[in-house]
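In listed order, ligands and their atoms are each counted from 1. As the structure is a prediction and not an experimental result, all values here were calculated from the model.
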Amino acid sequence: MLLGVLFGYTMTLTPWGKEFTKDWIAPIGTIFINLLKLIAVPLILASLIKGISDLKDISKFKRIGGRTILIYITTTIIAIIIGLTLVNVLQPGANITEATVEKLTETYASNSKISARISEASKQQRQGPLQFLVDMVPQNVVAAMSNNKLMLQVIFFAIFMGIAMLLVPEKESKTLKQFFDSLNSVVLKMVDLIMLAAPFAVFALLANVIVTADDPDILLALLRYAGTVILGLVLMVLVYISAISLYTKKSPIWFLKQLSPAQLLAFSTSSSAATLPVTMERVEEHIGVDQEVSSFVLPVGATINMDGTSLYQAVAAVFIMQVLWPEGLTFSNQLNIILTALLASIGSAAVPGAGMVMLVIVLESVGFPSERLAVGLALIFAIDRPLDMLRTTINVTGDATVATLVAKSVGKLGKPNVKDWDDHL
Ligand code: ASP
């Protein structure tokens with residue numbers, strides 16, 4: 001990571017360095033992310049079907065499922081409340097002058113990425129309230145598996161199939177179970193192999209982040225806003241590790257250390273979906289959560305549980321309102337943000353920049369003037385990538401925490417069982 005940052009910075013000092021990094025270094029990072037995404041569907045399918053069919057009886061799944069969803073919603077609401085409290089106390093919007101707003105608007109308001117995010121958000125908003133349930137149920141499983149954005153559909157199919165396997169006599173499901181068990185072991189080995197490339201890929205990813213970063217002056221103006229988000233994220237880590245140490249009696253330092261490769265990857269890729277294979281490996285092998293729990297909790301969490309994202313959405317929405325629409329900052333609007341940020345974080349895809357798309361919906365739901373939306377996003381755009389890296393790290397930490405808590409609650413938190421060779425290579 002450090003070498004990547006240093007290399008990226010050095011490259012910005014030369015006239016040819018940026019192009020060189022984009023052409024010759026960045027692709028290494030992209031290939032690595034592609035490899036991780038490549039195994040996401042087989043991994044979810046194999047491990048979820050294996051996990052559920054291992055349960056032996058369906059009532060256990062109900063218990064795990066119910067608790068997981070409940071804790072996910074609770075942690076997300078805690079994150080939003082932390083975000084809202086901090087942004088109201090620290091008032092990061094107060095030190096943004098007219099001149100800064102103008103400068104940011106000039107630089108970004110016509111940026112195509114911003115308009116793309118707004119139009120993507122409006123597509124999502126035109127849907128009815130139950131659309132998310134409809135979207136979860138695939139009409140063609142092969143089509144669902146062909147698109148990483150349809151991960152929830154793959155999860156749905158895997159759960160459905162796993163449950164059906166529990167319901168038929170054991171000898172009839174045996175062959176299928178063996179097939180998925182074996183697919184699961186092979187895919188996990190693929191994760192090991194891909195991870196051998198991680199140091200080089202992380203170097204490439206960070207070098208590229210640095211050469212594509214924005215003007216430091218602009219970043220400086222946004223420091224207080226960024227600081228508010230970061231403080232909130234740090235508080236969230238405290239919430240997680242307190243829960244871990246109080247409920248499972250494990251050392252928080254140990255927990256974070258076991259999880260750290262996944263966190264590092266989340267930070268470098270800004271995508272919880274790309275990080276999922278590694279999160280699963282760390283949580284199962286290094287923290288000791290039984291696969292029966294992790295195979296359900298983690299893929300579902302990667303798609304719906306985004307505490308970092310929801311916290312960021314709450315802070316960013318109020319920050320934008322503080323600068324551009326202070327009259328809209330009523331108590332009822334802030335309550336409204338709790339609900340919409342909860343739904344928006346569930347609806348955010350686990351890919352870079354997704355949180356910002358759903359932020360548009362949060363803003364629109366409180367009645368933020370639509371003609372000022374582009375300016376609003378322009379305000380936070382410059383610093384969005386580093387914050388995305390951080391919030392993704394928290395998203396992944398949150399998923400792992402909940403997996404550990406749920407495992408403990410159903411007696412499935414055992415001893416770590418590291419069965420790989422990659423860590424020693
Ligand atoms: N990048 C985040 C993730 O994958 C989502 C977001 O907040 O943009 O978890």
Side-chain angles (χ1 to χ4, degrees), residues 29-30 32-34 36-37 40 44 72 75-76 79-80 82-83 113-114 116-118 120-121 124 147-152 155 205-206 208-209 212 225-226 228-230 232-233 236-237 240 259 262-280 283 297-317 319-320 337 340-363 377 380-403:
T30 314
F32 178 72
I33 295 185
N34 286 353
L36 286 169
K37 288 185 180 162
I44 292 180
Y72 274 158
T75 54
T76 307
I80 300 172
I82 292 181
K113 284 193 187 141
I114 293 188
R117 289 198 162 112
I118 295 179
E120 206 172 308
Q124 303 214 13
N147 183 349
N148 275 344
K149 291 209 176 108
L150 300 178
M151 215 62 103
L152 273 182
I155 293 175
L205 287 165
L206 285 185
N208 193 46
V209 165
T212 49
Y225 153 70
T228 312
V229 176
I230 294 171
L233 296 178
M236 246 356 252
V237 176
Y240 297 143
L259 192 61
Q263 292 171 317
L264 185 118
L265 203 63
F267 183 78
S268 315
T269 61
S270 282
S271 165
S272 348
T275 313
L276 179 64
V278 180
T279 319
M280 290 181 83
V283 169
V297 181
L298 294 174
V300 171
T303 19
I304 69 165
N305 180 52
M306 298 197 180
D307 300 341
T309 300
S310 61
L311 186 143
Y312 145 84
Q313 284 166 337
V315 175
F319 168 71
I320 292 174
I337 289 179
T340 46
L342 171 68
L343 296 177
S345 71
I346 293 176
S348 300
V351 295
M356 200 166 168
V357 172
M358 300 308 275
L359 172 65
V360 174
I361 296 184
V362 176
L363 283 170
L377 294 195
I380 57 167
F381 193 77
I383 199 131
D384 205 60
R385 176 68 194 209
L387 293 183
D388 193 3
M389 295 161 85
L390 291 168
R391 66 189 188 244
T392 308
T393 310
I394 300 304
N395 292 344
V396 167
T397 311
D399 298 341
T401 305
V402 176

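- Short contacts between ligand 1 and G353, defined as distances under 4.0 Å to a heavy atom of the residue, involve ligand atoms 8 (O).
- Taking a cut-off of under 4.0 Å to the non-hydrogen atoms of T309, the atoms of ligand 1 that pass are 5 (C), 6 (C), 7 (O).
- The N/O atoms of M306, backbone and side chain alike, include none that comes under 3.5 Å of an N/O atom in ligand 1.
- By heavy-atom distance, the residue among V357, L390, T392 lying nearest atom 2 (C) of ligand 1 is T392.
- Nearest to atom 6 (C) of ligand 1 by heavy atom, out of G355, P352, S270, is G355.
- Minimum interatomic distance between A354 and A349 (heavy atoms only, all atoms of both residues): CB-O, 3.0 Å.
- A donor-acceptor contact shorter than 3.5 Å links the side chain of Q313 to the backbone of G355.
- Between N34 and T30, the side chains place no donor N or O within less than 3.5 Å of an acceptor N or O (distance only, hydrogens not considered).
- Looking only at protein heavy atoms, the nearest one to atom 3 (C) of ligand 1 is S272 OG, 3.1 Å.
- In this structure, Y312 contributes its side chain and L359 its backbone to no donor-acceptor pair below 3.5 Å.
- In this structure, D307 contributes its side chain and A79 its backbone to no donor-acceptor pair below 3.5 Å.
- Contacts of V396 with ligand 1, taken as heavy-atom pairs under 4.0 Å, are absent altogether.
- Closest to atom 1 (N) of ligand 1 among all protein heavy atoms lies D388 OD1, 2.8 Å.
- By the 3.5 Å distance cut-off applied to N or O atoms, A273 is not counted among the residues near ligand 1.
- In plain terms, the two heavy atoms of T275 and A266 that are nearest each other are OG1-CA, 3.4 Å.
- Close approach of ligand 1 to R391 is summarised as follows: ligand atoms under 4.0 Å from at least one heavy atom of the residue are 6 (C), 7 (O), 8 (O).
- A donor-acceptor pair is defined here as one N or O able to donate and one able to accept, closer than 3.5 Å; such a pair exists between the side chain of S271 and the backbone of A350.
- Side chains of S272 and D399: a donor-acceptor N/O pair is absent below 3.5 angstrom, by distance only.
- Listed for the T309 side chain is no donor-acceptor partner under 3.5 Å among the backbone atoms of M306.
- Taking every heavy atom of S271 and a limit of under 4.0 angstrom, the matching atoms of ligand 1 come to 4 (O).
- Ligand 1 has no N or O atom lying under 3.5 Å from any N or O atom of A349, backbone or side chain.
- Using a 4.0 Å cut-off to heavy atoms of N395, the atoms of ligand 1 that qualify are 2 (C), 3 (C), 9 (O).
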